[in-house]
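Quick note on labels: first sequence line is chain A, next is B, and so on, each numbered from 1. Keep in mind it's a predicted model, so treat the numbers as computed, not measured.
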Amino acid sequence: MLDLKFVRDNAERVSLMLRDRQVDLDLKSFLELDEDRRSILKEVEELKRRRNVASEEIARIKKEHGDATERIGEMREVSQQIKTLDLQLAVIQQSFDEILMLIPNMPHDSVVVGRDERDNPVVKVWGEPPEFDFEPKSHWDVAESLGILDFERAARMTGARFALYWGIGAAMERALISFMLDLHTRLHGYLEVLPPFIVNSTSLIGTGQLPKFKQDLFKLEDFDYYLVPTAEVPVTNIHANEVLEEDDLPKYYTAYTPCFRSEAGSYGKDTRGLIRQHQFNKVELVKFVKPETSYVELENLLANAETILQELGLPYRVVSLCTADLGFSASKTYDIEVWLPGQNTYREISSCSNFEDFQARRANIRYRRKGQSRTDFVHTLNGSGLAVGRTLVAILENCQQRDGSVVVPRILRPYLGNVERITSRQQVFSN
RNA sequence: GGAGAGAUGGCCGAGUCGGCUGAAGGCGCUCGCCUGCUAAGCGAGUGUAGGGUCAAAAGCUCUACCGAGGGUUCGAAUCCCUCUCUCUCCGCCA
């Protein structure tokens, strides 16, 4: 969330931000609510002060065996008033907090104002889309003829938007996860963590999925538990309510988790294939950094994610999300989009964001500067490094051959018993 | 699932019959003194959030916080209720 003082002092900027993000929110009545809140607070605090003073007095009178009945009677009334005002305050405070939690983050100055995703500027293009001397197939055609992906049986055992992986397809998914984790831990200095795949609502509020995006989540019946929509949630919350030391920053974590999303409101989209699933695997990168370094850290995080695609030899481009497309909690986001020949387009495979202190304030993640007693909020960042299912999609589509086989990217072969080419599901590893 | 014990400040730990307890004592930490250096010793300080005051910061001041929420009371760390978490034992289980 935003700093309340910032909202008060910069109402104009905040309301421009709401416009640029196309968010409909009545800032004016929020600020009025704040006024009411503070005036009641002032009143009730004055009454509490009086009560405290009188309490001491009563204690003294009683110690001296005097008669305090009159003071007690007075205070009984004051207490009643306090109770009434506290109740009023709680009501206002609640709707006030609700609104504050619904105000999105301020975009960074470098983020362009746009109307929708078509206004996202392309900031980089890497690699050449491969040339085919045949009509490239979609990944679901490639995969189903190899027998490595099975959507039909998955739909039968669960429902739409789930996949069953067979044989080397399953092994490939596992290989990609290992490859990504190895690269980030060994080359980029991230510490591997394996968090719970279920989190509570407090954690989801901390990172910004709740209260606004409840409909996107899978909730466990009768529990305050949700399946993680991304590892960002548990990993960022590792340090919730902690005060870190300046010397401990920056902290880099990487985690593999499955991700669960209800995909409410995307019923017609990407109905075939692996692109949009209720469950998918992802390796995530999360950083906790000092405010003054967070934008340099974002560039590095993006580069770390890009390395995976470069090592796999998959062509991609990077776009910077415009104000209309920017996520609720983010100040700035780069999307990496991988080339998919089967769809003749670039598709999102990673999203790298700087949240500045927005999540840190919600989750209460602070740090203490050396030699200073006061604390500051850290800046948090995260990015996919990468979405594993979509990486498999990209490999299947970019590395497919005329005969229906798929050439395994060189870097991945050690993870697959040095198999060079996928020709069937039951392929035996060569060593 | 059954039985019991507990949750206090950065940490340990005290809080009697509810009343100067934001919280004794110790450790740690910071600054200063002392010292040939280190250690020891001595002195002072050392939570968070919110409100008010102030152009702003500092400062001053008020309010709240002893796992969370509610209740009793003029007044609750202390009494009552509910919940959460931790620990021990039994059962079950990967």
Query raised in the report: Can you find a side chain N or O atom of A/Asn52 that sits less than 4.0 Å from OP1 or OP2 on B/A64?
Result: yes
Requested in this report: Return the value, rounded to whole Å, for the distance between atom CD of A/Glu74 and atom P of B/G75.
Outcome: 14 Å
Report task. Take atom CG of A/Asn200 and atom C1' of B/C85, then tell me their distance rounded to the nearest Å. Result -> 12 Å
Query raised in the report: Expressed as a whole number of Å, how far does the C1' atom of B/C79 sit from that of B/C62?
Result: 29 Å
Query raised in the report: Heavy atoms, side chains only, cut-off 4.5 Å: are A/Glu397 and A/Val142 in contact?
Result: no
Query raised in the report: So, for A/His239 and A/Phe288, is the gap between ring centers shorter than 6.0 Å?
Result: yes
Query raised in the report: Do A/Asn281 and A/Tyr256 touch side chain to side chain, with heavy atoms closer than 4.5 Å?
Result: yes
Query - Shortest non-hydrogen contact from A/Ser350 toward A/Ala305 - result: OG-CB, 4.0 Å
Query - Stem segments of RNA chain B by first residue number [Watson-Crick or G-U, under 3.5 Å, at least 3] - result: B:1-7 with B:84-90, B:10-12 with B:25-27, B:28-33 with B:41-46, B:47-53 with B:59-65, B:67-71 with B:79-83
Query raised in the report: When rounded to the nearest 0.5 angstrom, what is the spacing between CH2 in A/Trp140 and CZ in A/Arg272?
Result: 6.0 Å
Query - Shortest non-hydrogen contact from A/Leu227 toward A/Ile198 - result: CD2-CG1, 3.9 Å
Query raised in the report: Using a cut-off of 4.0 Å on non-hydrogen atoms, how would the nucleic acid contact of A/Arg51 be classed: base, sugar-phosphate, or nothing?
Result: sugar-phosphate
Report summary line: A/Lys62 NZ to B/C17 C1', in whole Å, measures 13 Å
**Report entry** Taking every non-hydrogen atom, the tightest pair across A/Val112 and A/Pro121
**Finding:** CG2-CD, 3.7 Å
Query raised in the report: B/A64 P sits how many Å from A/Glu46 CD, rounded?
Result: 12 Å
Query raised in the report: What is the nucleic acid contact for A/Arg366, judged by heavy atoms within less than 4.0 Å: base, sugar-phosphate only, or nothing?
Result: sugar-phosphate
Protein and nucleotides 69-72 of chain B: nitrogen or oxygen contacts under 3.5 angstrom:
{"unit_1": "B/U72", "atom_1": "OP2", "unit_2": "A/Lys83", "atom_2": "NZ", "d": "3.3"}

**Report entry** Closest-nucleotide 5' rank along RNA chain B - winner of A/Arg49 and A/Glu56
**Finding:** A/Glu56
Requested in this report: Would you indicate, yes or no, if B/G75 has its OP1 or OP2 atom less than 4.0 angstrom from a side-chain nitrogen or oxygen of A/Ser79?
Outcome: yes
**Report entry** Expected output: side-chain A/Ser262 to main-chain A/Ala264 donor-acceptor under 3.5 Å
**Finding:** yes
Requested in this report: Measure the distance from CD on A/Gln93 to C1' on B/U63 and round it to the nearest whole Å.
Outcome: 14 Å
Query raised in the report: For atom C1', what is the distance between B/A14 and B/C74, given to the nearest Å?
Result: 28 Å
Requested in this report: Quote, to the nearest angstrom, the C1' distance that separates B/C93 from B/C83.
Outcome: 27 Å
Requested in this report: Write down the distance separating the C1' atoms in B/U8 and B/G4, rounded off to the nearest Å.
Outcome: 22 Å
Query raised in the report: A/Leu89 has an atom CG; how far is it from atom P of B/A64, in whole Å?
Result: 13 Å
Report task. Determine the contact category for A/Arg71: base if any of its heavy atoms lies under 4.0 Å from a base atom, sugar-phosphate if only primed atoms, P, OP1 or OP2 are that close, otherwise nothing. Result -> nothing
Query - Backbone N/O of A/Gly385 and side chain of A/His184: donor-acceptor pair under 3.5 Å - result: yes
Query raised in the report: When rounded to the nearest Å, what value does the distance between C1' atoms of B/A94 and B/A5 take?
Result: 28 Å
Report task. Take atom CZ of A/Arg50 and atom C1' of B/C62, then tell me their distance rounded to the nearest Å. Result -> 15 Å
Query raised in the report: Rounding to the closest angstrom, what is the interatomic distance between B/G9 and B/A64 at atom C1'?
Result: 16 Å
Requested in this report: Would you please indicate if the ring centroids of A/Tyr226 and A/Phe218 are separated by under 6.0 Å?
Outcome: no
Report task. Please state how far atom CD1 in A/Ile82 lies from atom C1' in B/U73, giving the value in whole angstrom units. Result -> 13 Å
Query raised in the report: Expressed in whole Å, how much space separates the P atoms belonging to B/C80 and B/C31?
Result: 46 Å
**Report entry** is_close_aromatic(A/Phe197, A/Phe260), centroid dist under 6.0 Å
**Finding:** no
Requested in this report: Quote, to the nearest angstrom, the P distance that separates B/G51 from B/A58.
Outcome: 14 Å
Requested in this report: Applying side chain to side chain contact (heavy atoms under 4.5 Å, CB included) between A/Met172 and each of A/Ile177, A/Val388, A/Ile395, report the one that passes.
Outcome: A/Ile395
Report task. Heavy atoms only: give me the nearest A/Leu210-A/Arg362 pair and the separation to one decimal. Result -> O-NH1, 3.1 Å
Any N/O pairs under 3.5 Å between the protein and nucleotides 50-52 of chain B? List them or say none.
{"unit_1": "B/G50", "atom_1": "N2", "unit_2": "A/Glu45", "atom_2": "OE1", "d": "3.3"}
{"unit_1": "B/G50", "atom_1": "N2", "unit_2": "A/Glu45", "atom_2": "OE2", "d": "3.4"}
{"unit_1": "B/G51", "atom_1": "OP1", "unit_2": "A/Arg8", "atom_2": "NH2", "d": "3.0"}
{"unit_1": "B/G52", "atom_1": "OP1", "unit_2": "A/Arg38", "atom_2": "NH1", "d": "3.2"}

